[in-house]
K.L.:
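To start, I am sharing the structure in question, which I have written as structure tokens.
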Amino acid sequence: MTTIDLVIVLSYVVGLFVFGMVVGLRETAEDFLILSRRANVILVLFSVVSSWVGVGVIVGTAAAGYDSGISFALTGGLGALVAVGAASVIAPRIKAFGDLHRAHTLGDFFGIRYSRAARVASASVVILIYLLFTAVQFNGLARLLNVWTGVAFESAIAITAVTTIIYTAFAGIKSDFYTDVIHFCVMAVVLLGVLLPILGGATHGFRDLLALPPSFFSPFSFGGVGYFAGALVFGVGVVFVSMELWQRIYASTSAATARKALIGSALAVVPFYAVAAVSGMALRVRDPFLTDRDLALFVMMKTYLPNGILGLGVAAFIAVFVSSVNTMIMVVSATFTKDFYKTMIKPEATEMNMLRMGRISTLLAGIGGLLLSYVVRDIITLSILALFLLLVFLPAVIGGFYWRRSTATGAFWSIVAGLVGTFGALPYLKTNAFVPGFLLCTLVFVVVSKLTPHAPSEIVEVLNEVRR
């Protein structure tokens, strides 16, 4: 990169960190966890988009575009429209539950509706999943820095992780909401306003892409028909149980605010899938022998973006990374702070105790994601595994809101069965391992709930409360 590019990147990063920390130092525990339930439509919309369109999504989609064409992006874009649109239906129930019970996490739902054991099981799995997501983000940005600066991959991970962990520990979710608006605007300008038109010119109006094999234009080339159909169907369920989405719904000023923001965000994420896929396909035309597919988008940006704009592009990706990893780490931090520390370790914890523990657990969560990023390097596989592992919560969540016969025992064992089924099938089915896991956890939930009585701890009235 040129000097002007470096100046732009450094200015952006320093400004982001200063702003985030200044805002974060003025926050309460409620601000740190869910912005004290006062986020408006714009804040929620941009926050959802910035969290959704993370480095894992953009890098993974570009890599899949290089390998197989439009399939992965088409599945992701359609899935976003269907899933987030469907989630807007259940959002009022989540919001009503959160306001009534002062909930902050997905574990709160399992603990209040079901039992302490269900809370522990769900919170433990949430921490595992979001540590995987954090590792994806660290891997993505490390690859970016490796391409653009030449810093060794392992060193790049360490540098990005340490700075982001420190930032997140002070900023919390309050700063995340405000900076996400800036992140989205920068990302949109660079990827949609600059890179996409340049790619169009470099590929003669995208006509050069027609030289690729016909399979690159099939919706089923990534994972086959089963993956395409399954991702659309199961994608709806994933959104229902994504804790970062629950956090944003909890944080909204009202159910109407959450619903409008979710619908808007579904429309906003689609163009980012498109530009990432086109970038990967354009590089396949230009260089069909790239050894590391995860570098596809970064190589295209380095090749085609002019001086100055390249620096803004690097800043955009740093913005995407910081936003996404902030969200993932905050999910882990909030889960530990509320579901373990406040509920089990120190029930008498004050606001100050909660805020202090939130910052400490944020540091620990970031370190955990960092260590995991050195172990697992495959961004696409890791992203898919973490995403669809969320489905182990779906039967108990839907049952908890809509089926009076749901029991705490059924909820607990369905989570256990889903984990066993998914990881048991992983060596054989790879990215489709979530299917038997989900089917098994659904079967266990229904059967065990039918055969067991309600536990004394259950609040079955949740079904009635969220309808009012």
Side-chain angles (χ1 to χ4, degrees), residues 52 79-80 82-94 97-98 103 105-115 117-130 132-133 227 229-249 262 331 335 339 383-426 429 431-450 462-463 466:
W52 187 304
V82 174
V84 180
S88 67
V89 176
I90 199 174
R93 290 175 179 262
I94 296 174
F97 169 80
T105 66
L106 184 62
D108 278 331
F109 175 80
F110 279 88
I112 293 167
R113 172 60 178 87
Y114 292 117
S115 66
R119 179 193 288 271
V120 171
S122 63
S124 299
V125 177
V126 163
I127 289 174
L128 168 64
I129 291 171
Y130 283 87
L132 288 173
F133 279 136
Y227 176 81
L232 292 182
V233 173
F234 292 121
V236 175
V238 165
V239 172
F240 282 170
V241 290
S242 296
M243 189 176 139
E244 72 270 24
L245 211 60
W246 281 57
Q247 280 185 319
R248 275 127 185 94
I249 294 171
L262 288 175
V331 166
T335 299
D339 295 320
S383 297
I384 293 173
L385 172 63
L387 182 66
F388 286 113
L389 197 57
L390 287 165
L391 287 171
V392 301
F393 301 129
L394 185 60
V397 168
I398 298 299
F401 277 127
Y402 295 98
W403 189 36
R404 183 169 292 275
R405 194 66 196 84
S406 304
T407 67
T409 306
F412 174 82
W413 286 109
S414 71
I415 294 173
V416 174
L419 284 176
V420 172
T422 300
F423 282 104
L426 188 60
L429 298 180
T431 55
N432 292 317
F434 68 90
V435 177
F438 173 70
L439 295 177
L440 182 60
C441 78
T442 302
L443 177 63
V444 168
F445 177 71
V446 172
V447 171
V448 174
S449 290
K450 285 280 191 180
V462 163
L463 282 76
V466 298

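Since the model is a prediction, treat every value here as computed from it, not as a measurement.
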K.L.:
Once side chain to side chain contact (heavy atoms under 4.5 Å, CB included) is applied, do any residues pair with Val89, and if so which ones, sequence neighbours excluded?
P.N.:
none
K.L.:
Taking only residues two or more places apart in sequence or in another chain, which ones pass side chain to side chain contact (heavy atoms under 4.5 Å, CB included) with Ser406?
P.N.:
Arg113, Tyr114, Trp403, Phe445
K.L.:
Is the shortest side-chain heavy-atom distance between Ile249 and Leu262 below 4.5 Å?
P.N.:
yes
K.L.:
Could you grab the distance from atom CD1 of Ile398 to atom CD1 of Ile90, nearest 0.5 Å is fine?
P.N.:
4.5 Å
K.L.:
Just by modelled atom types, is the Val446 backbone N or O under 3.5 Å from a matching donor or acceptor in the Ser449 side chain?
P.N.:
no
K.L.:
Closest approach of Gly107 and Ser122, non-hydrogen atoms and distance?
P.N.:
CA-OG, 3.7 Å
K.L.:
For Phe109, give me all partners under ring-ring contact (aromatic ring centres under 6.0 Å, His included), at least two apart in sequence or on another chain.
P.N.:
Phe97, Trp246, Phe401
K.L.:
With side chains defined as the heavy atoms from C-beta onward, is the minimum distance between Phe240 and Ile94 less than 4.5 Å?
P.N.:
no
K.L.:
Should Phe110 and Ile415 count as side-chain neighbours, where that means a heavy-atom distance under 4.5 Å?
P.N.:
yes
K.L.:
I need the Leu245 CG to Leu106 CG distance, nearest 0.5 Å.
P.N.:
11.0 Å
K.L.:
Just so I know, are the side chains of Leu419 and Leu389 near enough to count as touching, which here means a heavy-atom distance under 4.5 Å?
P.N.:
yes
K.L.:
Quick check for you: to the nearest 0.5 Å, what is the distance between Thr442 atom OG1 and Leu394 atom CG?
P.N.:
7.0 Å
K.L.:
Run the side chain to side chain contact (heavy atoms under 4.5 Å, CB included) test against Thr409 and tell me which residues pass, sequence neighbours left out.
P.N.:
Thr407, Trp413, Val448, Thr452
K.L.:
Which residues satisfy the side chain to side chain contact (heavy atoms under 4.5 Å, CB included) test with Leu429, sequence neighbours excluded?
P.N.:
Ala425, Asn432, Ala433, Pro436
K.L.:
How many angstroms lie between CD1 in Ile127 and OG1 in Thr335, if you round to the nearest 0.5 Å?
P.N.:
5.5 Å
K.L.:
Would a line drawn from the ring center of Phe388 to the ring center of Phe438 be shorter than 6.0 Å?
P.N.:
no
K.L.:
So Asp339 and Val120, do their side chains get closer than 4.5 Å, heavy atoms only?
P.N.:
no
K.L.:
Applying side chain to side chain donor-acceptor pair (under 3.5 Å) as the test, list every pair that has at least one member in residues 233-244; sequence neighbours left out.
P.N.:
Tyr130-Glu244
